[in-house]
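Here the structure comes first, spelled out in structure tokens, and everything after it is commentary.
Bear in mind the structure is a predicted one, so any value in this text is a computation, not a measurement.
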Amino acid sequence: RDFRRLPLVNTPMNLADLGSQAALVWFLASMSDGASACFAQAVVLLRAPMLLLGTSVSQVYANRAAQLVHQPAELRRLTFKTILGMSVPAMALAAVFSLLGPWLFTTIYGQQWRLSGDFSRYMVWGFACNMIGSPVSMLPTILRKNFGHLLQVVSLGSARVLAGAYAMN
């Protein structure tokens, strides 16, 4: 019975995610080649810590959360501990790129990549929030609350589209 609902929830969730990705492609297509390259370079650099740290923490969290699914107090404790643990490196990353983004890109890559630093200065907060929430993002699925996961993806996708629309103006 539970598996019958998966396509009903996962299909709109995947479509919402696809829609937010399409909005990003549209946003990039509206930029010059140089600006698109700078944007892509900033994304690659900002994603690296999230992928390295976030992926490993996510795997450990998901495994442990599945074991604690019938122990709500312990699961809650694990979830808060994971969020707090991810907050420290995420906020450190956000602070460094917010304050020093243009200088870092110029120093490491040269003056022509300064725009990457400008992009990173603003995008880092979204990446930091994603880094904090990423490990616990599977919690609705672990708890078999797939509709909650759908709401999470739709709201995040909507925020991406709105942020891109705002940036276009």
Using distance only, find each side-chain donor-acceptor pair of residues 91-104 under 3.5 Å and give its atom names and separation, not counting sequence neighbours.
from : atom 1 : to   : atom 2 : distance (Å)
S98  : OG     : A94  : O      : 2.8
S98  : OG     : W125 : NE1    : 2.7
W103 : NE1    : T107 : OG1    : 3.4

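- Screening residues 35-58 for side-chain hydrogen bond (donor to acceptor under 3.5 Å, both in side chains) gives Q41-Y109 as the qualifying pairs, with residues at least two apart or on separate chains.
- With rounding to the nearest 0.5 angstrom, the SG atom of C38 is 11.0 Å from the CG atom of D33.
- Side-chain contact between M50 and L46 is absent, with no heavy atoms from C-beta onward closer than 4.5 Å.
- Here the straight-line distance linking atom CG of L78 with atom CG of L68 works out to 6.0 Å at 0.5 Å rounding.
- Between Y61 and P135, the shortest heavy-atom distance links the atoms CD2-O, 3.1 Å.
- In plain terms, the two heavy atoms of F105 and A42 that are nearest each other are CZ-CA, 4.0 Å.
- Clustering ILVMFWY residues whenever any of their side-chain heavy atoms sit less than 4.5 angstrom apart, transitively, puts F80 in a cluster other than the one holding V57.
- Minimum interatomic distance between P89 and G85 (heavy atoms only, all atoms of both residues): CD-O, 3.1 Å.
- The line from CE of M138 to CG of N63 is 13.0 Å long, rounded to the nearest 0.5 Å.
- By the criterion of side-chain heavy atoms lying less than 4.5 angstrom apart, applied directly or through intervening Ile, Leu, Val, Met, Phe, Trp or Tyr residues, V136 is not grouped with L51; the two fall into different hydrophobic clusters.
- The CD1 atom of I132 lies 9.5 Å from the CG atom of L84; values are rounded to the nearest 0.5 Å.
- By the salt bridge (Lys or Arg N to Asp or Glu O under 4.0 Å) test, R77 is found to be paired with E74, residues two or more places apart in sequence or in another chain being considered.
- Atom CG of L45 sits about 8.5 Å away from atom OG of S116, to the nearest 0.5 Å.
- For the 3.5 Å distance criterion, the side chains of Q111 and R114 fail to qualify, holding no donor opposite an acceptor.
- A single hydrophobic cluster is seen to contain both I108 and M123, as judged by linkage of ILVMFWY side chains at heavy-atom distances under 4.5 Å, directly or through other members.
- Of all heavy-atom pairs between Q71 and Q67, the closest is NE2-O, 4.5 Å.
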